Amino acid sequence: MKKLISRLKGDKGIWSFVALLALFSFMPVFSASSNLAYLGHGTGNTLGYLLKHLAHIGCGFAIIYYVHKVPYHYFRSISKWLLPVVWVVLAITMIKGTVIGGANASRWLQIPFVGISFQPSAFAALVLFVFVARYLSKTRTEPIDFLESLKELWLPVFITLMFILPSNFSTTALIFSMILMLVFIGKYPMKYIGIIVGSGIIFLTFFVLISKAFPDAKFFSRVRTWESRIENFSTDKPDEDDYQIEKAKIAIASGKIYGLGPGKSVQKNFLPQSSSDFIYAIIVEEYGLIGGLGVLFLYLLLLFRFVIASHKANTLFGKLVVIGLGFPMIFQAMINMAVAVELLPVTGQTLPLISSGGTSIWMTCIALGIIIGVTKKEEEIEQEQKEAARREEALKRLIDAELAAEEQQQKESYSIEDKMTNPMNAVLNK
């Protein structure tokens, strides 16, 4: 184990918090999967779901390990070439997307001959964040030209979001808001950001108006779901989402301070998506307010390490990559928790590293691998500086020793002191 840990490079704090979240996830996932076991094969045996989650976590850590070995600056060029591939995959998903777990949105794509389904929008978000960081970190001798940035930055961004929007508004809004945060930190002019925000609002309004004109079109089928969720959230009108929120609030209220205990949740048998979208409610029910705040605290500590890693990065691209990949992860966790306590309408966002699901875990692990790769670079530079200082000190000691030896030899060979009693002895003896 010590040998394996010694091979892990990069920020040890990020490694530790990620490992803690992943280890903690097994207990709530094992407990919350009981209703899926009854619905799936009627036996109530959750061992299969636990092993599946173990495989997802194990593959996730393998992804982190191998991705963090890759020099992070390689992703600078990769993002540019991967973006057209992402558009093709998103277009295929839009046409041939499948329904997974009873979800009414065709946002999943099944890999042929393998049988594994994944959510392309999660991968698109990673590529897009790195692409934006690449653009903002380009060396410029003149200020950013708005028309040039429209072609090189915002056109690819809006094309990607256009493919994601029809099936997943919450993910689109999350990606767009994180990109706005990233360009603000990257010192993109505020007046241009205002224009982009206004354009985004106009485009969304136009999209909704077109959906009103073609209400039966499959392409606009999710618009009615968005409207109903917002309306029900603001008016407390009962519906299917309200049923989920109601059960989540019952679970949270049942947990009180110390919780009912691991595996003793009652609402997991009634709450849909209890092992993914609403797993935070199960955590609070079983581990109480202390457990819920503990999970929140771990995410905040992870955010703190991201801030430190971004500050230590010696390149602008490294700083922006850490912010662009790390902050959305924490923001997604906050959204998931806010939905469980009814601070936000139902969005379908999972709890990173805790919720069950291969796509969510693996995409999070790719992002973590790139972030740790940035911190590994800084660690290598620091290690090289320490080794250079040690070599310089050793060389200095060696030179000092050589000079001291030469000085001693000179004193012994050419002494100016005359210790003989008779100055003529040298001649007489000869």
Side-chain angles (χ1 to χ4, degrees), residues 75-97 105-109 118-138 144-184 186 188-189 192-211 213-214 217-223 226 317 320-321 323-325 327-328 331-332 348-349 359 363 366-367 370:
F75 297 101
R76 184 187 185 104
S77 300
I78 292 175
S79 64
K80 180 180 179 181
W81 299 108
L82 273 183
L83 207 54
V85 177
V86 166
W87 294 343
V88 173
V89 174
L90 288 173
I92 295 173
T93 306
M94 185 183 298
I95 299 171
K96 297 183 177 181
S106 298
R107 62 185 70 169
W108 297 81
L109 188 64
F118 75 104
Q119 200 169 357
S121 60
F123 180 66
L126 294 181
V127 175
L128 199 57
F129 290 142
V130 177
F131 176 81
V132 174
R134 168 189 171 275
Y135 174 81
L136 294 172
S137 61
K138 289 169 61 176
I144 294 177
D145 180 70
F146 181 62
L147 294 178
E148 176 263 343
S149 67
L150 279 179
K151 180 180 67 175
E152 295 189 11
L153 173 63
W154 293 112
L155 182 61
V157 168
F158 279 116
I159 290 176
T160 308
L161 295 180
M162 181 183 66
F163 282 118
I164 302 174
L165 176 62
S167 62
N168 200 337
F169 172 74
S170 61
T171 299
T172 306
L174 175 62
I175 294 174
F176 185 60
S177 59
M178 290 297 99
I179 288 176
L180 292 177
M181 178 203 68
L182 192 58
V183 296
F184 174 76
Y188 189 80
Y192 299 157
I193 294 178
I195 296 174
I196 295 301
V197 172
S199 302
I201 295 174
I202 293 173
F203 176 79
L204 180 61
T205 305
F206 186 67
F207 181 83
V208 173
L209 291 177
I210 294 179
S211 70
F214 303 94
K218 181 181 177 181
F219 187 76
F220 303 106
S221 60
R222 291 290 295 173
V223 175
W226 309 342
F317 178 70
L320 294 175
V321 162
I323 294 173
L325 297 180
F327 281 37
F331 195 62
Q332 179 181 338
Q349 297 296 325
T359 302
M363 294 303 109
I366 291 176
I370 298 174

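Model, not experiment: these values are computed from the prediction. All residue numbers in this chain count up from 1 along the given sequence.
With sequence neighbours left out, Q332 forms a side chain to side chain donor-acceptor pair (under 3.5 Å) with T350.
Taking CD1 of I175 as the start and CZ of F129 as the end, the distance is 5.5 Å to the nearest 0.5 Å. Taken to the nearest 0.5 Å, the OG1 atom of T93 stands 11.5 Å off from the CG atom of N168. One distance of note links CG of L128 with CD1 of I179; it measures 4.0 Å at 0.5 Å rounding. Taking CD1 of I195 as the start and CH2 of W154 as the end, the distance is 11.0 Å to the nearest 0.5 Å.
V321 places none of its side-chain heavy atoms less than 4.5 Å from the side chain of R76. Counting heavy atoms from C-beta on, the side chains of I159 and F163 come closer than 4.5 Å. With a 4.5 Å cut-off on side-chain heavy atoms, F123 and L82 count as touching. L204 has its side chain within reach of L165: a pair of non-hydrogen atoms, C-beta onward, lies under 4.5 Å apart. Contact of the Q119 side chain with the M363 side chain is not registered, since no non-hydrogen atoms from C-beta on lie closer than 4.5 Å. For the pair Y135/P156, no side-chain contact is recorded, criterion being any heavy-atom separation below 4.5 Å from C-beta on. Using a 4.5 Å heavy-atom cutoff, the side chains of F146 and P189 are not in contact. Under the 4.5 Å side-chain criterion, counting only non-hydrogen atoms from C-beta, L150 is not in contact with L155.
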The test is side chain to side chain contact (heavy atoms under 4.5 Å, CB included); show your working for M162 and F207 and say whether it passes. CA-CA 10 Å; M162 181 183 66; F207 181 83; over 6 Å; no

Trace of the side chain to side chain contact (heavy atoms under 4.5 Å, CB included) decision for F131 with T160: CA-CA 12 Å; F131 176 81; T160 308; over 6 Å; no

Taking it one step at a time, do D145 and Y192 satisfy side chain to side chain contact (heavy atoms under 4.5 Å, CB included)? CA-CA 10 Å; D145 180 70; Y192 299 157; 5.9 Å; no

Checking side chain to side chain contact (heavy atoms under 4.5 Å, CB included) for the pair F176/I196: CA distance, chi angles, key distance, verdict? CA-CA 10 Å; F176 185 60; I196 295 301; 4.1 Å; yes

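Residue F331 qualifies as open at atom CZ: its count of foreign heavy atoms under 6.0 Å is 12 or below.
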